[in-house]
Amino acid sequence: MANTKVQEPFPISCVSHRYLLFDIDTITHVRREYNMCGVLAGTLPTHPQQNVFLGIPCEILPEEARLLVEKGVAYIVDDVVAHKQAVSGLNIAERVAYQKALEKQGVDASKAFQREANERKVKALEREAEKKQRKRMEKGSEQLDVSALSFDAHHDTNELFFEPSPRPSSPAYSTTSVVTKERFFVTPMTSHHLLSPNAPSPSLPLPEVPPSYPLFAHLATQGYFVTPGLRFGCQYTVYPGDPLRYHSHFLANGFSWEEEFDVNDLIGGGRLGTGVKKALMIGGKPTTEHNAKPSDSERAEDGVRAFCIEWAGM
Amino acid sequence: MDKVILPKPSALSSHLSTHLSQYPSPDHEQPYISLALQIEHSLRYEHRWTRLHLHTHSPLDGRRLARPMLAGTPPQRLYVHPDEQVEMVSREARKGGKKGGEVLRRGGDGRGEEEGDMEEIWGKRPEREWVLPTHLGEKWTLRRLAEIFGGVGVVPPDRDEGEDDEGADAETKRNMWRSKKRVLLAVVNDDSTIVYYIVHDGIMKPRQN
């Protein structure tokens with residue numbers, strides 16, 4: 001788990017304009033390396049109402065998908081198209097290989113099942129033997145003078161039941177090898193193995209993003225964790241580290257450079273933010289004509305300007 | 001016919017009428033000037049600010065500011081950087097241990113002195129602030145906000161040479177934590193309620209109070 005290697009670029013599945021990650025390693029990787037948490041969105045097919053503990057897939061924001069693609073560490077896959085192509089576009093050799101693989105999977109599963117059953121059997125026998133031995137021990141303690149004898153017996157049972165390791169091969173194993181041909185019939189649950197591991201050659205267009213994208217990218221590249229901000233009525237809630245470890249610092253709203261906003265919105269956000277020990281942040285990217293002004297002290301490489309608003313307490 | 005006796009103008013009205021003429025400016029800027037004067041009145045008499053000045057031109061390059069702005073000194077420090085706050089608390093904890101023993105030894109004598117120290121520790125030495133007067137009904141854009149910051153420096157200048165002692169002192173050993181520009185956004189509503197918010201230029205983590 002700790003050192004899973006994810007090969008970049010990794011695929012981001014696009015299903016009806018939502019961006020999903022289906023691989024747990026990728027989800028871990030993205031969280032660790034690119035500070036993106038996403039939202040686990042998967043339920044059990046049989047219990048779609050059970051939404052307290054959700055699992056894979058992990059849905060990420062279009063902004064996040066775009067930033068990953070722009071960094072060149074991921075690519076977008078139209079999941080429906082890719083799946084159809086992969087399943088219907090197999091040639092005979094590939095089909096046979098796939099069926100072979102399925103068969104092998106079935107045999108492996110069957111073997112594993114048998115092995116487990118045998119282990120269970122051995123354990124049960126051991127327990128039985130232990131019980132018998134304990135009974136004998138009790139009898140031994142009643143007749144103290146024959147204690148030495150009972151210890152001997154104990155030693156014998158020990159050898160008989162608890163030290164199977166020096167034996168060359170257990171009879172249990174030989175029986176499994178006889179029934180190797182037995183196999184389970186596996187119903188594949190994903191088409192994952194069929195999908196090509198490479199990006200689609202005419203790459204899909206970049207995900208569409210709201211005008212707040214420059215601020216998002218600015219924060220994300222500075223190492224902040226940027227999550228959706230519905231909870232605080234803003235666009236993004238910005239954490240200085242992993243949300244499991246830190247409280248968020250900012251309620252962020254991104255605007256385009258000339259977009260108008262009410263002073264009232266600043267006050268509302270600022271007041272709410274201060275009440276929960278956060279600051280309201282607004283920001284955006286200057287249009288090119290304002291870009292080359294040397295007098296601005298606060299200038300990042302990407303040119304994005306951000307302003308933080310807090311209640312003054314007076 | 002009797003002469004109509006009008007009530008005396010309010011303090012704010014007379015403040016406006018006496019000071020408005022001091023700032024000759026183009027017509028479109030007149031409302032902003034009176035807005036600034038209203039804020040100035042509030043800061044001076046309700047919040048006990050001192051050394052308040054109205055700036056129509058940038059102290060950096062002498063160009064006209066996007067909006068008339070005020071510079072003034074609050075009675076106490078308006079803003080303490082969160083990192084400075086942490087340092088103050090830890091310094092206080094270190095000092096507090098020592099001081100406590102001393103005070104006990106000397107009885108009640110050390111009390112006044114200690115309070116003075118605390119004042120210093122908590123950085124109550126006020127810092128000059130820029131104030132941006134606005135009205136609640138206004139619309140703002142990021143560009144305009146950036147222009148405001150383009151016209152001001154980190155610490156506003158102090159025109160009062162009289163109180164040179166403290167002013168020069170504050171300027172020379174400027175608070176090391178004050179590295180980013182900030183302005184105090186003053187918002188007036190029609191009912192003359194005024195609220196104050198601090199706007200930082202750049203990413204500034206929130207205070208933990």
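The figures here come from the full heavy-atom set of this structure, side chains too, leaving out hydrogens, waters and symmetry mates.
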What's the spacing between [X] [atom1] and [Y] [atom2] if we round to 0.5 Å?
{"X": "B:Glu46", "Y": "A:Met314", "atom1": "CD", "atom2": "CE", "answer": "9.5 Å"}
{"X": "B:Lys139", "Y": "A:Asn264", "atom1": "NZ", "atom2": "CG", "answer": "9.5 Å"}
{"X": "A:Glu310", "Y": "B:Arg182", "atom1": "CD", "atom2": "CZ", "answer": "10.0 Å"}

Are side-chain heavy atoms of [X] and [Y] found at a separation under 4.5 Å?
{"X": "A:Ile309", "Y": "B:His200", "result": "no"}
{"X": "B:Phe149", "Y": "A:Phe307", "result": "yes"}
{"X": "B:Asp201", "Y": "A:Arg305", "result": "yes"}
{"X": "A:Ile267", "Y": "B:Tyr197", "result": "yes"}
{"X": "B:Leu145", "Y": "A:Ile282", "result": "yes"}
{"X": "B:Ile203", "Y": "A:His218", "result": "yes"}

For [X] and [Y], which heavy atoms make the closest approach, and how far apart are they?
{"X": "A:Ala279", "Y": "B:Pro206", "result": "N-CB, 3.8 Å"}
{"X": "B:Gly202", "Y": "A:Cys308", "result": "O-SG, 3.3 Å"}
{"X": "B:Arg143", "Y": "A:Glu258", "result": "NE-OE2, 2.7 Å"}
{"X": "B:Leu136", "Y": "A:Val263", "result": "O-CB, 4.0 Å"}
{"X": "A:Ser256", "Y": "B:Leu142", "result": "O-CD1, 4.1 Å"}
{"X": "B:Leu78", "Y": "A:Ala312", "result": "CD1-O, 4.2 Å"}

Is the count of non-hydrogen atoms from other residues, nucleotides or ligands lying under 6.0 Å from [X] atom [atom1] greater than 12?
{"X": "A:Glu208", "atom1": "CD", "value": "no"}
{"X": "A:Arg18", "atom1": "CZ", "value": "no"}
{"X": "A:His247", "atom1": "NE2", "value": "no"}
{"X": "A:Leu230", "atom1": "CG", "value": "no"}
{"X": "A:Gln7", "atom1": "CD", "value": "no"}

Tell me, for [X] versus chain A, whether the close heavy atoms (under 4.5 Å) come from the side chain, the backbone, both or neither.
{"X": "B:Tyr196", "answer": "both"}
{"X": "B:Leu185", "answer": "side chain"}
{"X": "B:Val199", "answer": "both"}

| query | Does the pair A:Glu260 and B:Arg144 meet the rule for a salt bridge (Lys or Arg N to Asp or Glu O under 4.0 Å), with working shown? | reply | CA-CA 10 Å; A:Glu260 289 195 323; B:Arg144 275 180 240 159; 3.2 Å; yes
| message | So for A:Phe261, is it side chain, backbone, both, or neither that comes closer than 4.5 Å to the heavy atoms of chain B? | response | both
| query | Does any N or O in the side chain of A:Glu259 come within less than 3.5 Å of the main-chain N or O of B:Thr141, such that one atom is a donor and the other an acceptor? | reply |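 The answer is no, because no donor-acceptor pair under 3.5 Å joins these two groups.
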| task | Between chain A and each of B:Ile198, B:Val195, B:Leu60, B:Asp61, count heavy-atom pairs under 4.5 Å; write down the option with the most. | result |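 Top count of heavy-atom pairs under 4.5 Å with chain A: B:Ile198.
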| task | Name the option with the most non-hydrogen atom pairs under 4.5 Å to chain B; the candidates are A:Leu219, A:Asp262, A:Leu280. | result |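 Counting heavy-atom pairs under 4.5 Å, the top option is A:Asp262.
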